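Beneath this line is the structure, given in structure tokens, with notes to follow.
From a predicted model like this one, the values you see are computed outputs, not experimental measurements. As the structure lists them, so they are numbered: ligands from 1, and atoms in each ligand from 1.
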Amino acid sequence: AKEQQLQLIKESIATIPNYPKEGVLFRDITTLLNDPAAYQATIDMLVEHYQNKGVTKIVGTEARGFLFGAPVALRLGVGFVPVRKKGKLPREVLSMTYDLEYGTDTLEIHKDSITAQDNVLVVDDLLATGGTVEATVKMIKQLGAKVVDAAFVIGLPDLGGVERLAKEGVTSYSLVEFP
Ligand code: PRP
Ligand code: ADE
């Protein structure tokens, strides 16, 4: 049943060559979101993996991380904290600049959104180079909290994200992988 759910999830993801630039194989989760059985299976599998693991807070990264992090937080009964692109959060923030598979950006988190007592699960749709979640993990650590794990719907193992997060002492989990 688990293998069937994973197959359903994987088959619901669209692949677009050369978007947003030449040479990138874009893995598009909008088709997964538009398939209620696939979306439900994705959230169910993440919840099943992380329930009873002592998670006290979910941090999700803009924008696609919100679509998976928030439903998982509701189901686990813990708070959801958005990490946003620069200039979007109204109160006092921590900032971190990072590299993407295509470009660079700055992420921010509200300083009072997590405490040193929190055990944080980071959720995003996709792990590529790991730059996004590395920056996110650094901010969570600066706030004194512990990162339990980083969870993704999609892992792209050839792009080095798993190793990059391991250097930060963070283990990761991806539901499906594309070579
Ligand atoms: C994408 C994706 C991940 C990140 C993965 O987000 O949703 O957050 O890139 O790449 P990395 O592992 O190399 O950091 P993007 O910055 O394109 O923003 P979006 O979610 O707002 O579309
Ligand atoms: N973010 C970074 N790399 C990506 C890819 N190949 N597909 C979708 N989103 C991405």
Side-chain angles (χ1 to χ4, degrees), residues 6 9-35 38-39 42-43 45-46 49-50 57-73 80-90 93-110 113-114 120-142 147-179:
L6 287 173
I9 293 164
K10 195 164 187 176
E11 286 172 358
S12 74
I13 298 162
T15 298
I16 295 90
N18 303 316
Y19 178 89
K21 67 172 202 190
E22 199 66 30
V24 175
L25 260 190
F26 192 85
R27 305 297 180 174
D28 176 20
I29 50 91
T30 65
T31 44
L32 181 160
L33 300 171
N34 204 358
D35 176 340
Y39 197 5
T42 302
I43 303 307
M45 292 196 78
L46 290 172
H49 193 79
Y50 289 104
K57 204 78 87 174
I58 302 271
V59 168
T61 51
E62 184 176 352
R64 288 174 260 159
F66 295 175
L67 300 165
F68 300 100
V72 171
F80 175 78
V81 175
V83 161
R84 298 212 58 184
K85 309 228 164 125
K86 194 179 173 60
K88 300 284 187 180
L89 291 172
V93 294
L94 256 183
S95 301
M96 194 73 63
T97 299
Y98 68 110
D99 295 318
L100 279 174
E101 188 181 355
Y102 37 82
T104 137
D105 220 331
T106 299
L107 293 179
E108 295 182 336
I109 190 169
H110 275 140
S113 61
I114 55 183
V120 179
L121 173 65
V122 179
V123 177
D124 204 352
D125 69 319
L126 179 143
L127 178 63
T129 67
T132 303
V133 170
E134 182 191 19
T136 300
V137 164
K138 284 180 173 167
M139 292 192 290
I140 294 165
K141 286 182 178 173
Q142 269 192 42
V147 178
V148 174
D149 211 8
F152 305 89
V153 180
I154 303 166
L156 306 180
D158 294 351
L159 293 173
V162 173
E163 293 75 13
R164 193 162 172 177
L165 295 182
K167 277 186 192 160
E168 290 295 317
V170 174
T171 51
S172 49
Y173 173 66
S174 298
L175 291 179
V176 303
E177 293 190 328
F178 292 98

Test your reading of the structure: does [X] have an N or O sitting under 3.5 Å from an N or O of ligand 1?
X    : answer
A128 : yes
T61  : no
V133 : no

Which bit of T129 is near ligand 1, meaning a heavy atom under 4.0 Å away: side chain, backbone, both or neither?
both
Per-atom contacts, ligand 2 versus [X] - under 4.0 Å to a heavy atom:
X    : value
L156 : 6 (N)
A128 : 2 (C), 3 (N)
L25  : 5 (C), 6 (N), 7 (N)

If you take all heavy atoms of E108 and S95, which pair is closest and at what distance?
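Nearest heavy atoms, E108 then S95: OE2-OG, 3.0 Å.
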With atoms numbered from 1 as shown, which atoms in ligand 1 lie under 4.0 angstrom from a non-hydrogen atom of D125?
2 (C), 3 (C), 7 (O)
I need the atoms of ligand 1 closer than 4.0 Å to a non-hydrogen atom of L126, numbered in the order shown.
3 (C), 5 (C)
Which option out of G161, A135, G130, G160 puts a heavy atom nearest to atom 12 (O) of ligand 1?
G130
Quick one: which of E134, R27, K85 has a heavy atom closest to atom 18 (O) of ligand 1?
K85
Can K85 and E62 be counted as an ion pair, charged N to O under 4.0 angstrom?
no
Is a salt bridge present between K167 and E163, judged by a nitrogen-to-oxygen distance below 4.0 Å?
no
Dump the intermediate steps for side-chain hydrogen bond (donor to acceptor under 3.5 Å, both in side chains) on D149 and Y50, then the final yes or no.
CA-CA 9 Å; D149 211 8; Y50 289 104; 2.7 Å; yes
If the test is side-chain contact (heavy atoms from CB on, under 4.5 Å), which one of L33, L175, D124 qualifies with F68?
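Of L33, L175, D124, side-chain contact (heavy atoms from CB on, under 4.5 Å) with F68 is met by L33 alone.
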Strictly distance-based, threshold 3.5 Å: is any side-chain N or O of K141 a donor or acceptor partner for the main-chain N or O of V147?
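Not a single qualifying donor-acceptor pair exists.
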Does K21 make a cation-pi contact with F26, if we ask for NZ or CZ under 6.0 Å from the ring centre and within 45° of the axis?
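No.
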Nearest 0.5 Å, please: how far is NZ in K57 from CG in L121?
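Here the rounded value is 13.0 Å.
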